[in-house]
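One structure below.
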Amino acid sequence: MNPNRALNLLPFVVSTITFFNGFAVADHENLQDMCPTTTSTVLFMNGYPCKSSANISASDFKSSKLSIPGDTDNFYRSAVTMATAADFPGLNTLGLSIARADMEVDSMVLLHLHPRSAEMMYVLKGVVIAGFIDTDTNLFQKQMREGEVMVIPRGLLHFCLNDGFEVATVFSVLNSQNPGSVSIAGAMLPFQPNSDDEDVVNKLRTRLIASSMGNPLRG
(Lines give C-alpha, C1' and ligand atoms only; values in the text may rest on other atoms or scores of the structure.)
Protein backbone atom coordinates (compact mmCIF):
# COMPACT_ATOMS: atom_id res chain seq x y z
CA MET A 1 0.00 0.00 0.00
CA ASN A 2 1.13 3.51 -0.78
CA PRO A 3 2.53 5.03 2.46
CA ASN A 4 0.69 8.31 1.85
CA ARG A 5 -2.61 6.46 1.39
CA ALA A 6 -2.02 4.54 4.61
CA LEU A 7 -1.52 7.80 6.49
CA ASN A 8 -4.76 9.14 5.02
CA LEU A 9 -6.63 6.09 6.31
CA LEU A 10 -5.30 6.49 9.85
CA PRO A 11 -7.79 9.21 10.96
CA PHE A 12 -10.67 7.07 9.63
CA VAL A 13 -9.50 4.02 11.57
CA VAL A 14 -9.09 6.03 14.77
CA SER A 15 -12.51 7.68 14.42
CA THR A 16 -14.18 4.33 13.70
CA ILE A 17 -12.69 2.74 16.83
CA THR A 18 -13.77 5.76 18.87
CA PHE A 19 -17.29 5.55 17.45
CA PHE A 20 -17.80 1.91 18.35
CA ASN A 21 -16.26 2.34 21.78
CA GLY A 22 -18.75 5.12 22.43
CA PHE A 23 -21.66 2.72 21.94
CA ALA A 24 -20.22 -0.16 23.95
CA VAL A 25 -21.80 -1.13 27.26
CA ALA A 26 -20.02 -0.11 30.43
CA ASP A 27 -19.03 -3.68 31.34
CA HIS A 28 -17.13 -6.28 29.30
CA GLU A 29 -18.83 -8.26 26.54
CA ASN A 30 -20.49 -11.53 27.52
CA LEU A 31 -18.55 -14.60 26.34
CA GLN A 32 -21.36 -17.13 26.76
CA ASP A 33 -25.16 -17.34 26.78
CA MET A 34 -25.50 -16.81 30.52
CA CYS A 35 -23.51 -16.71 33.74
CA PRO A 36 -25.69 -16.52 36.89
CA THR A 37 -23.72 -15.52 39.98
CA THR A 38 -22.53 -18.29 42.26
CA THR A 39 -21.92 -17.72 45.96
CA SER A 40 -20.21 -21.05 46.54
CA THR A 41 -16.67 -19.78 46.00
CA VAL A 42 -14.42 -17.22 47.63
CA LEU A 43 -12.52 -16.56 44.39
CA PHE A 44 -11.90 -12.81 43.97
CA MET A 45 -12.23 -11.40 40.47
CA ASN A 46 -13.45 -8.34 38.58
CA GLY A 47 -17.08 -9.44 38.62
CA TYR A 48 -18.63 -12.64 39.89
CA PRO A 49 -17.88 -16.29 39.04
CA CYS A 50 -20.55 -18.30 37.22
CA LYS A 51 -22.71 -21.16 38.38
CA SER A 52 -22.14 -24.56 36.89
CA SER A 53 -24.48 -24.98 33.91
CA ALA A 54 -26.01 -27.99 35.66
CA ASN A 55 -27.19 -25.74 38.50
CA ILE A 56 -28.73 -22.92 36.45
CA SER A 57 -32.51 -22.54 36.69
CA ALA A 58 -35.18 -20.10 35.51
CA SER A 59 -35.37 -18.56 39.00
CA ASP A 60 -31.86 -17.14 38.49
CA PHE A 61 -33.34 -14.75 35.93
CA LYS A 62 -36.25 -13.41 37.99
CA SER A 63 -36.20 -11.03 40.96
CA SER A 64 -39.05 -9.74 43.14
CA LYS A 65 -36.80 -7.33 45.03
CA LEU A 66 -38.26 -4.24 43.37
CA SER A 67 -41.91 -5.28 43.61
CA ILE A 68 -42.28 -3.81 47.11
CA PRO A 69 -42.06 -0.04 47.77
CA GLY A 70 -39.01 1.06 49.74
CA ASP A 71 -39.24 2.31 53.31
CA THR A 72 -39.60 6.10 53.13
CA ASP A 73 -39.87 6.57 56.89
CA ASN A 74 -36.55 8.37 57.11
CA PHE A 75 -35.00 11.83 57.14
CA TYR A 76 -35.16 12.23 53.34
CA ARG A 77 -38.66 10.66 52.99
CA SER A 78 -37.39 8.67 50.03
CA ALA A 79 -35.96 5.22 49.41
CA VAL A 80 -33.85 3.68 46.65
CA THR A 81 -33.74 -0.09 46.16
CA MET A 82 -31.21 -1.52 43.71
CA ALA A 83 -30.87 -5.00 42.24
CA THR A 84 -27.40 -5.90 40.96
CA ALA A 85 -25.63 -9.11 40.05
CA ALA A 86 -24.76 -9.51 43.73
CA ASP A 87 -28.39 -10.37 44.59
CA PHE A 88 -29.92 -10.98 41.14
CA PRO A 89 -27.78 -13.83 39.70
CA GLY A 90 -29.08 -13.62 36.14
CA LEU A 91 -27.59 -10.14 35.71
CA ASN A 92 -24.03 -11.40 36.00
CA THR A 93 -21.97 -10.51 32.86
CA LEU A 94 -24.96 -8.80 31.19
CA GLY A 95 -23.80 -5.27 32.04
CA LEU A 96 -27.13 -4.34 33.62
CA SER A 97 -28.68 -3.48 36.96
CA ILE A 98 -32.03 -1.99 37.92
CA ALA A 99 -33.21 0.34 40.67
CA ARG A 100 -36.46 1.62 42.17
CA ALA A 101 -36.93 5.00 43.85
CA ASP A 102 -39.96 5.78 46.01
CA MET A 103 -40.50 9.40 47.05
CA GLU A 104 -43.08 10.92 49.37
CA VAL A 105 -44.58 14.34 48.55
CA ASP A 106 -41.92 17.09 48.77
CA SER A 107 -39.10 14.57 49.11
CA MET A 108 -36.09 13.91 46.92
CA VAL A 109 -33.25 11.54 46.14
CA LEU A 110 -30.27 13.79 46.85
CA LEU A 111 -27.25 14.39 44.63
CA HIS A 112 -25.25 11.26 43.89
CA LEU A 113 -23.34 9.66 41.04
CA HIS A 114 -22.65 6.21 39.59
CA PRO A 115 -18.94 5.98 38.70
CA ARG A 116 -19.34 2.95 36.45
CA SER A 117 -22.68 3.50 34.74
CA ALA A 118 -25.09 5.71 32.84
CA GLU A 119 -28.73 5.59 33.98
CA MET A 120 -32.09 5.58 32.20
CA MET A 121 -34.96 6.72 34.43
CA TYR A 122 -38.63 5.80 33.81
CA VAL A 123 -41.48 7.38 35.77
CA LEU A 124 -44.00 4.72 36.77
CA LYS A 125 -46.13 6.94 38.99
CA GLY A 126 -46.36 10.62 39.90
CA VAL A 127 -44.61 13.78 38.72
CA VAL A 128 -40.90 14.29 39.36
CA ILE A 129 -38.10 16.68 38.47
CA ALA A 130 -34.92 14.86 37.47
CA GLY A 131 -31.62 16.37 36.44
CA PHE A 132 -27.85 16.18 36.32
CA ILE A 133 -24.88 18.55 36.59
CA ASP A 134 -22.06 18.38 34.07
CA THR A 135 -18.36 19.01 34.67
CA ASP A 136 -18.83 22.70 33.82
CA THR A 137 -21.45 22.91 36.62
CA ASN A 138 -24.28 23.38 34.12
CA LEU A 139 -27.61 22.08 35.38
CA PHE A 140 -29.84 20.07 33.03
CA GLN A 141 -33.23 19.09 34.43
CA LYS A 142 -36.76 18.35 33.29
CA GLN A 143 -40.14 17.71 34.83
CA MET A 144 -41.20 14.14 34.08
CA ARG A 145 -44.64 12.54 34.17
CA GLU A 146 -45.82 8.94 34.06
CA GLY A 147 -44.35 7.01 31.15
CA GLU A 148 -41.58 9.51 30.40
CA VAL A 149 -37.88 8.64 30.28
CA MET A 150 -34.68 10.58 30.95
CA VAL A 151 -31.05 9.55 30.49
CA ILE A 152 -28.28 10.45 32.97
CA PRO A 153 -24.72 10.33 31.54
CA ARG A 154 -22.19 8.14 33.29
CA GLY A 155 -20.41 9.52 36.33
CA LEU A 156 -22.32 12.82 36.57
CA LEU A 157 -24.04 14.13 39.70
CA HIS A 158 -27.80 13.73 39.47
CA PHE A 159 -30.96 13.87 41.57
CA CYS A 160 -34.70 13.31 41.50
CA LEU A 161 -37.41 15.06 43.50
CA ASN A 162 -41.17 14.63 43.85
CA ASP A 163 -42.89 17.58 42.18
CA GLY A 164 -46.44 16.27 42.48
CA PHE A 165 -49.14 15.69 45.07
CA GLU A 166 -48.81 11.92 45.52
CA VAL A 167 -46.10 9.35 46.14
CA ALA A 168 -43.83 9.06 43.11
CA THR A 169 -42.18 5.87 41.85
CA VAL A 170 -39.28 5.83 39.39
CA PHE A 171 -37.53 2.80 37.92
CA SER A 172 -34.01 3.02 36.49
CA VAL A 173 -31.90 0.74 34.33
CA LEU A 174 -28.11 1.13 34.58
CA ASN A 175 -25.60 -0.25 32.10
CA SER A 176 -23.35 -1.95 34.63
CA GLN A 177 -23.90 -4.98 36.81
CA ASN A 178 -22.20 -3.05 39.62
CA PRO A 179 -22.68 0.68 38.94
CA GLY A 180 -21.68 1.87 42.42
CA SER A 181 -23.18 4.93 44.09
CA VAL A 182 -21.42 7.90 45.66
CA SER A 183 -23.74 10.14 47.67
CA ILE A 184 -22.45 13.69 48.12
CA ALA A 185 -25.09 14.52 50.71
CA GLY A 186 -24.49 11.29 52.59
CA ALA A 187 -20.82 12.12 52.89
CA MET A 188 -21.43 15.68 54.05
CA LEU A 189 -24.38 15.29 56.42
CA PRO A 190 -24.06 13.48 59.77
CA PHE A 191 -25.45 10.02 60.34
CA GLN A 192 -28.01 11.44 62.78
CA PRO A 193 -29.53 14.46 61.01
CA ASN A 194 -30.91 17.38 62.99
CA SER A 195 -33.04 20.43 62.21
CA ASP A 196 -30.08 22.28 60.68
CA ASP A 197 -29.56 19.44 58.21
CA GLU A 198 -33.23 19.57 57.23
CA ASP A 199 -32.77 23.26 56.39
CA VAL A 200 -29.83 22.33 54.13
CA VAL A 201 -31.92 19.74 52.27
CA ASN A 202 -34.85 22.13 51.85
CA LYS A 203 -32.58 24.88 50.55
CA LEU A 204 -30.97 22.46 48.08
CA ARG A 205 -34.37 21.38 46.80
CA THR A 206 -35.51 25.00 46.38
CA ARG A 207 -32.31 25.95 44.57
CA LEU A 208 -32.53 23.05 42.11
CA ILE A 209 -36.10 23.96 41.18
CA ALA A 210 -35.27 27.67 40.88
CA SER A 211 -32.25 26.91 38.66
CA SER A 212 -34.44 25.33 35.98
CA MET A 213 -36.92 28.20 36.08
CA GLY A 214 -34.12 30.70 35.57
CA ASN A 215 -32.72 28.88 32.54
CA PRO A 216 -35.57 27.79 30.21
CA LEU A 217 -33.14 26.41 27.62
CA ARG A 218 -32.12 23.69 30.05
CA GLY A 219 -35.38 23.33 31.96
Single-linkage hydrophobic cluster Leu174~Val80, side-chain heavy atoms < 4.5 angstrom
no
Any sub-3.5 Å donor-acceptor pair from Asp136's side-chain atoms to Asn138's backbone N or O?
no
Taking a hydrophobic cluster as the set of Ile, Leu, Val, Met, Phe, Trp and Tyr residues connected by side-chain heavy atoms closer than 4.5 Å, whether directly or through intermediates, do Phe132 and Val123 fall within one such cluster?
yes
Mind checking the OG1-OH spacing from Thr38 to Tyr48? Nearest 0.5 Å is all I need.
12.5 Å
Is Phe171 linked to Val151 within one hydrophobic cluster, defined over Ile, Leu, Val, Met, Phe, Trp and Tyr using a side-chain heavy-atom separation of less than 4.5 Å?
yes
Does any N or O in the side chain of Asp102 come within less than 3.5 Å of the main-chain N or O of Gly70, such that one atom is a donor and the other an acceptor?
yes
Please report the closest heavy-atom contact between Ile56 and Lys51, naming both atoms and the distance.
CG1-CB, 4.2 Å
What distance do Glu166 atom CD and Thr169 atom OG1 have between them, rounded to the nearest 0.5 Å?
8.5 Å
Residue pair Glu119 / Ser117, side-chain heavy-atom distance below 4.5 Å:
no
Minimum heavy-atom distance Met120-Val149, with the two atoms named
CG-CG1, 3.4 Å
So which atom in Gly180 and which in His114 form the shortest heavy-atom distance, rounded to 0.1 Å?
O-ND1, 2.7 Å
Between Pro115 and Pro179, which heavy-atom pair has the shortest distance, and what is it?
CD-O, 3.3 Å
What about Tyr76 and Met82, same hydrophobic cluster or not, with Ile/Leu/Val/Met/Phe/Trp/Tyr joined at side-chain heavy-atom distances under 4.5 Å?
no
Donor-acceptor contact below 3.5 Å, side chain Thr84 vs main chain Asn178
no
Side-chain (His158) to main-chain (Gly131) donor-acceptor, under 3.5 angstrom
no
Applying the 4.5 Å side-chain criterion to the ILVMFWY set and letting contacts propagate, would Ile129 and Val105 be lumped into a single cluster?
no
Can you measure from CG (Leu94) to CG (Asn175) and round to the nearest 0.5 angstrom?
12.5 Å
Has Thr37 got a side-chain atom pairing as donor or acceptor with Ala85's backbone, closer than 3.5 angstrom?
yes
Could you measure the distance from the CG atom of Asp163 to the CD atom of Gln141? Nearest 0.5 Å is fine.
9.5 Å
Does Cys160 reach the side chain of Val170, with side-chain heavy atoms less than 4.5 Å apart?
yes
Taking all non-hydrogen atoms of both residues into account, name the closest pair between Asn162 and Val127 and its distance.
OD1-O, 3.3 Å
What is the distance from atom OH of Tyr122 to atom CD1 of Ile98, rounded to the nearest 0.5 Å?
11.5 Å
Modelled atom types, side-chain donor and acceptor of Gln177 and Asn92, under 3.5 Å:
yes
Interatomic distance, OG@Ser183 vs CG@Leu111, rounded to 0.5 Å, equals 8.5 Å
Could you report the tightest heavy-atom contact between Met144 and Ala130, atom names first, then the distance?
SD-CB, 3.7 Å
